[in-house]
Amino acid sequence: MVFVVVPLVMMLYFAFTDFEGAFTLSNFACFFTEPDTQRVLWKSVGIALAATVICFLLAYPLAYVLSSAPFNKIAVLAMMFVTPMWINSLLRIYAIRTLLEMIGMSRGTFAVIIGLVYDFFPFMLLPIYTSLCNMDKSYLEASYDLGASPVRSFFKVTFPLSRDGVVSGILMVFMPAVSTIGITEMLGNKDIYMFGNLINDYLGEFYTWNIGAAYSFIMLVLIGITMLVTNLFGKANVDSVGGAL
């Protein structure tokens, strides 16, 4: 109640009121009428999407190998990727910034994407790894018995059965990446300005809490819609495995 409901109620109050506390929808109108806001949002979506795709392309093969390895190797290899999550996120970003500076890479969009991948990669790896480990292997055996090749079995059985983990990983990487602040502050330049920075400026530097709360509410709605669509998509694909067999 204190740490979830109360902040949400406060956000809704500021989002639907003006500076004098009167009800208004003008805060949301700013989002749809200011072209810079739309540009910042779509740029944030593009950068977050690039980081999410890279995380997926790296995490799925690794999770597949880890889930197929002997048990004693799984514990060691999994800890190599879980342990960095115990370290403060800002410290890890400082470390990657130092590394990029050592190899002569300047701040910018590419550096921000590297930082996002580095910071959120475990959140893509672990759900996929868990999903592959808990997969019912009898479906895969049935696929082989029916004459399917390993490649066909992977795309018709293994990947659909791990779709829930993929969906969870995408949500855990994409949505935080869209609204990130610290990574863009430390790895970006003056041209990198994402939606999280915009909300932070409205709540801090500009001191217009009402508009910042409205933008936060819009982000919350987008997260809810994304979760609903991806969950329905994942469920539909998993239900299709039986039909494919």
Side-chain angles (χ1 to χ4, degrees), residues 35-66 77-78 80-129 159 162-163 165-202 204 215-216 218-220 222-223 225-227 229-230 233-234:
D36 288 341
T37 301
Q38 305 293 325
R39 179 183 57 82
V40 170
L41 177 60
W42 287 114
K43 185 174 184 179
S44 302
V45 169
I47 293 176
L49 183 62
T52 303
V53 171
I54 295 174
C55 283
F56 171 74
L57 294 177
L58 295 175
Y60 199 98
L62 179 60
Y64 186 84
V65 172
L66 290 176
L77 294 176
M80 292 174 59
F81 298 95
V82 176
T83 302
M85 298 176 62
W86 300 347
I87 304 174
N88 184 275
S89 177
L90 291 178
L91 293 179
R92 288 188 278 120
I93 297 304
Y94 273 118
I96 196 66
R97 186 180 73 175
T98 302
L99 177 62
L100 292 177
E101 290 175 350
M102 289 176 59
I103 62 177
M105 181 177 295
S106 60
R107 300 184 184 184
T109 302
F110 188 66
V112 170
I113 293 176
I114 292 178
L116 291 172
V117 172
Y118 174 73
D119 198 36
F120 294 121
F121 177 77
F123 297 101
M124 179 70 76
L125 173 67
L126 294 180
I128 297 176
Y129 168 73
F159 186 76
S162 63
R163 196 67 61 93
V166 173
V167 170
S168 298
I170 291 174
L171 290 176
M172 294 175 67
V173 174
F174 179 75
M175 298 314 302
V178 171
S179 57
T180 186
I181 299 175
I183 296 177
T184 54
E185 292 286 343
M186 289 186 286
L187 296 178
N189 51 28
K190 61 180 181 180
D191 297 326
I192 304 300
Y193 191 73
M194 298 181 66
F195 201 69
N197 301 100
L198 181 62
I199 295 176
N200 183 63
D201 287 341
Y202 275 119
Y215 285 12
S216 300
I218 292 173
M219 178 60 64
L220 182 64
L222 292 176
I223 292 174
I225 294 174
T226 303
M227 291 181 63
V229 172
T230 51
F233 179 75

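The minimum heavy-atom distance between S168 and P127, with the atom names listed, is CB-CB, 4.0 Å. Considering all non-hydrogen atoms of both residues, L49 and F174 come closest at N-CE1, 3.7 Å. The nearest pair of heavy atoms linking P176 to L171 is CD-O, 3.5 Å. Among all heavy-atom pairs drawn from F120 and M172, the shortest one is CD2-O, 4.4 Å. The two residues I183 and G115 make their nearest non-hydrogen contact at CD1-O, 4.0 Å. Between R107 and E101, the shortest heavy-atom distance links the atoms NH2-OE2, 4.2 Å.
With sequence neighbours excluded, the residues satisfying side chain to side chain donor-acceptor pair (under 3.5 Å) with T184 are N197. A search for side chain to side chain contact (heavy atoms under 4.5 Å, CB included) contacts involving I54 returns L58, I113, V117, not counting sequence neighbours. Taking the side chain to side chain donor-acceptor pair (under 3.5 Å) definition, one finds that Y60 meets it with S162, sequence neighbours left out.
The OG atom of S179 sits 6.0 Å away from atom CD1 of I223, with the distance rounded to the nearest 0.5 Å. Distance check: E185 CD to N200 CG gives 7.0 Å after rounding to the nearest 0.5 Å. For the atom pair OH (Y215) and CG (L41), the distance works out to 10.0 Å, reported to the nearest 0.5 Å. M175 contributes atom CE, which lies 9.0 Å from atom CG of L220 (distance to the nearest 0.5 angstrom). With rounding to the nearest 0.5 Å, the separation of CG in L125 from CG in L66 is 6.5 Å. If you take OH on Y193 and CZ on R39, they are separated by 9.5 Å, rounding to the nearest 0.5 Å.
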Fill in: Y202/I199 under side-chain contact (heavy atoms from CB on, under 4.5 Å): CA gap, chis, key distance, verdict
CA-CA 5 Å; Y202 275 119; I199 295 176; 5.8 Å; no

Practice prompt. Go through I96 and M186 one step at a time and tell me if the side-chain contact (heavy atoms from CB on, under 4.5 Å) criterion holds.
Written response: CA-CA 10 Å; I96 196 66; M186 289 186 286; over 6 Å; no

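At a threshold of 4.5 Å between non-hydrogen side-chain atoms, the residues F121 and L62 count as touching. Here the side chains of K43 and I192 are in contact, with some heavy-atom distance below 4.5 Å. When side chains are defined from C-beta on, I93 counts as touching L187, because their heavy atoms get closer than 4.5 Å. By the 4.5 Å heavy-atom criterion applied to side chains, M124 and I170 are counted as neighbours. Here the side chains of F56 and V173 are not in contact, with every heavy-atom distance at 4.5 Å or above.
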